[in-house]
Amino acid sequence: MAVGCVRGALAVLLQLSVWLPVALQCSVSEIQTGQVIRLLNIMVQSENSSSASGSTPNPSILLALRLASHHDSDTERGMLGRLQVDAVKRVQEGLPFSSGTVALYCLAMQASCADPSLTPAPGLKGGKKVMDLRKLLEKKLKEEIDNIDSKNVPLTNYYQVSLDILALCMMGKPVTSHSVQSLIEASDNGGFSYGEKYSVDTASVAVLALTCVKRSIKAPDRMVLRLKILNALKCLIKNILQETTSDGLIGNLYSTGLAMQALSVTSTNYDCSRTIQTLLERAGSGSFENPMAASQITPSLENRNYLELNKLDCKDFEKTLDGSVLPLAPPTAPEGVITVHYRVEDGIHYSFNDSIEVTVPVGSSLLQVMEEAAKISPAKFRFTVEQSSWGPFVTSIQVLAGNTEERTYWQFLTGSNALDQGVGDYKPYDGEYIVAKFSTY
Ligand code: B12
């Protein structure tokens, strides 16, 4: 597990002189852009169908589309409008709106040249015509920090706290030193780990947030904070690089995109040709068909990052995304069946441990395996899911439900290794042993 490495400000100053600025230049080549366009198409198609079915837009996708070099302006404009309407609706109707979600909405709006503090709100009480999402985000971040102060953990998680600081900073809002320091302390005290696993995703968004804050500090009275940030950034980059694998991934396949963004905004000497090669191979074999996964990888494939969203062109989109380029391959009908060994286990209070063998058609997702098991033996294998931006998140099995306050959840493993995909995307192979284990994080 990555460890903290806080040192004195003087040590940072000395280190800085040897920390040479080596720009990270890496993106796909001209002939590889077809693969990026294919991923952009996955996102555009998912947004167009979610718009047709009236479901909420995904801000992470709009952010990725706006940062891309090819555009579908109609989809982007439509998404911005739907995000604005949805934000206002959530506030007015008191619907769930986590701090990180508000932050992503603000980032996506900004990337679309819309000011989040002037979000059109026609039906607002008191004759007001706009809603201030920036103020809302400040309030949400304060709630996160208050929770850290009183309970030592954020209301949501440090990934979202990082997104909050990033979004406020990108809107030019000075973030309080206390918020920044809370993030720095967590980065050094194991706050970025889930169980034994260091979250490269969280560290990467924290790097983007802290880099933004560092760049915004001008006043001499915040120099101490600036030095603390520099020190934290060095530690975070070291931790991120420690998670590099032999095939060039950083953390796992799905944290690599954010990690590349983090490395690209700091002066890190890192050769990413192997990383790009592996990402393109895995994209080609269908690992980024989930639009949320596509949205977190495409900016890095074109060497773009979230700190650039204020520089985007608001009027002219140079190249239009041509839907006919590399159309999505029609799914081939799989043949035959596979057998999967499935076990559900209460790994906290050891109240149950039940196994079953399930036979499903080749190409079935883990979700289908679970549904089949629940059909055969509902008492042991029934479960509930909640839809999220990544797809179905398993909330309970039997009567045992994960709980944010107690930091419990259903973890999925193959053998003893945690899956890097959710139940909706993961496709088990014949004879695989899948375990759902009630765990803490
Ligand atoms: C925090 C976190 C968790 C927490 C969430 C609870 C909490 N207290 O916040 C916990 C530890 C429970 C968790 C669990 C899992 N996670 Co997780 N998680 C994250 C992380 C770091 C941040 C999510 C977030 O807050 N986003 C910001 C908010 C604004 O967006 P949101 O959509 O509202 O966030 C919610 C959902 O993302 C949901 N969620 C979190 N993880 C997952 C995973 C899946 C598959 C789904 C459907 C939903 C989901 O919880 C979030 C908070 O409510 C992301 C990193 C990333 N790059 O996105 C990984 C990430 C999304 N998780 C991932 C995975 C694989 C899982 C697990 C499947 C791991 C496992 N082997 O069991 C499980 C889910 C199992 C299940 N029960 O269905 C992958 C998904 C990759 C993919 N292609 O699907 C990511 C990208 C990390 C990675 N690089 O591998 N996770």
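Start at 1 and go down the list; that is how both ligands and their atoms are numbered.
Note: no N/O pair closer than 3.5 Å links S199 and ligand 1 by distance alone. Here's the thing with N157: one of its N/O atoms is less than 3.5 angstrom from an N/O atom of ligand 1. Between T202 and ligand 1, a contact under 3.5 Å exists for no N or O pair. Residue W410 places at least one N or O, backbone or side chain, under 3.5 Å from an N or O of ligand 1. Taking any N or O of L419, backbone or side chain, at least one lies under 3.5 Å from an N or O belonging to ligand 1. Residue contacts with ligand 1: N290 is placed with no nitrogen or oxygen under 3.5 Å of a nitrogen or oxygen of the ligand (distance criterion only). Between F412 and ligand 1, a contact under 3.5 Å exists for at least one N or O pair. The shortest N or O to N or O distance between G100 and ligand 1 is not below 3.5 Å. Ligand 1 has no nitrogen or oxygen under 3.5 angstrom from a nitrogen or oxygen of S98. Close N/O approach between Q421 and ligand 1 is not found [any backbone or side-chain N/O within under 3.5 Å].
The single protein non-hydrogen atom nearest to atom 24 (C) of ligand 1 is Y159 CD2, 3.7 Å, given as residue, atom name and distance. Closest to atom 45 (C) of ligand 1 among all protein heavy atoms lies G422 CA, 3.2 Å. Atom 73 (C) of ligand 1 has Y409 CE1, 4.1 Å as its closest protein atom, hydrogens excluded (heavy atom only). What sits closest to atom 52 (C) of ligand 1 on the protein, heavy atoms only, is Q160 NE2, 3.9 Å. Nearest to atom 54 (C) of ligand 1 among the protein's heavy atoms is D201 OD2, 4.7 Å. The nearest protein atom to atom 32 (O) of ligand 1, hydrogens excluded, is given as S389 OG, 2.6 Å; this is a heavy-atom distance. For atom 40 (C) of ligand 1, the closest non-hydrogen atom of the protein is F393 CE1, 4.3 Å. The protein atom (non-hydrogen) at minimum distance from atom 4 (C) of ligand 1 is Y194 CE2, 4.4 Å.
Of the candidates D420, L155, N252, N252 brings a heavy atom nearest to atom 90 (O) of ligand 1. The option from Y254, F438, F192 that lies nearest to atom 83 (N) of ligand 1, judged by heavy atoms, is Y254. Of the candidates F288, W390, Y426, Y441, it is W390 that places a heavy atom closest to atom 46 (C) of ligand 1.
Heavy atoms only, all atoms of each residue included: S99 and T156 are closest at OG-OG1, 4.1 Å. Across T245 and G251, no two heavy atoms sit closer than the pair CG2-O, 3.9 Å. Taking both residues in full, the closest heavy atoms of S295 and S60 are given as OG-OG, 2.8 Å, listed atom of the first, atom of the second, then distance. Annotation for L107 and L63: closest pair O-CD1, 3.6 Å, computed over non-hydrogen atoms. Residues I250 and S255 come closest through the heavy atom pair O-OG, 2.8 Å.
Of all the heavy atoms of Q296, the ones lying under 4.0 Å from any atom of ligand 1 belong exclusively to the side chain. Under 4.0 angstrom from ligand 1, there are no non-hydrogen atoms of T395. Residue contacts with ligand 1, taken as heavy atom pairs separated by less than 4.0 Å, involve S388 solely via side-chain atoms from C-beta onward. Contacts between P392 and ligand 1 below 4.0 angstrom, taking non-hydrogen atoms only, involve the backbone exclusively.
With hydrogens and angles left out, the side-chain atoms of E76 and S112 include no donor and acceptor closer than 3.5 Å. Looking only at atom types and distance, the side chain of N58 has no donor-acceptor partner in the side chain of E47 under 3.5 Å away.
Aromatic ring pairs are classed by plane angle as parallel below 30°, tilted from 30° to 60° and perpendicular above 60°; the pair Y194 and Y441 is tilted.
If you look at Y254 and F288, their ring centroids are closer than 6.0 Å.
Within a 6.0 Å radius of OH in Y433, other residues, nucleotides and ligands contribute 12 heavy atoms or fewer. When the shell of 6.0 Å around CG of D149 is examined, it contains more than 12 heavy atoms from other residues, nucleotides or ligands.
Protein heavy atoms are found inside the 4.0 Å sphere centred on atom 14 (C) of ligand 1. Distance check on atom 50 (O) of ligand 1: every protein heavy atom falls at or beyond the 4.0 Å cut-off. Within the 4.0 angstrom cut-off, atom 62 (N) of ligand 1 has no protein heavy-atom neighbours. Shown here, atom 66 (C) of ligand 1 is out of close reach of the protein: none of its heavy atoms lies under 4.0 Å off. Proximity of atom 35 (C) of ligand 1 to the protein is not indicated, since no non-hydrogen protein atom lies closer than 4.0 angstrom. Less than 4.0 angstrom separates atom 6 (C) of ligand 1 from at least one non-hydrogen atom of the protein. Using a 4.0 Å threshold on non-hydrogen atoms, atom 20 (C) of ligand 1 does not count as touching the protein. For atom 27 (C) of ligand 1, a protein non-hydrogen atom is found at a distance below 4.0 Å.
Judged purely by atom type and a 3.5 angstrom limit, S50 has no side-chain atom pairing as donor or acceptor with the backbone of P57.
We find the CD-CG distance between E243 and L249 to be 12.0 Å, quoted to the nearest 0.5 Å. Atom-to-atom distance recorded for L141:CG and L163:CG is 11.0 Å, nearest 0.5 angstrom.
Taking a 4.0 Å cut-off on heavy atoms, G391 registers as neighbouring ligand 1.
Here E372 pairs with K375 in a salt bridge; the nearest charged N to carboxylate O distance falls below 4.0 Å.
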side-chain contact (heavy atoms from CB on, under 4.5 Å) for T119 and Y105? Distances and angles first, verdict last.
CA-CA 11 Å; T119 300; Y105 272 54; over 6 Å; no

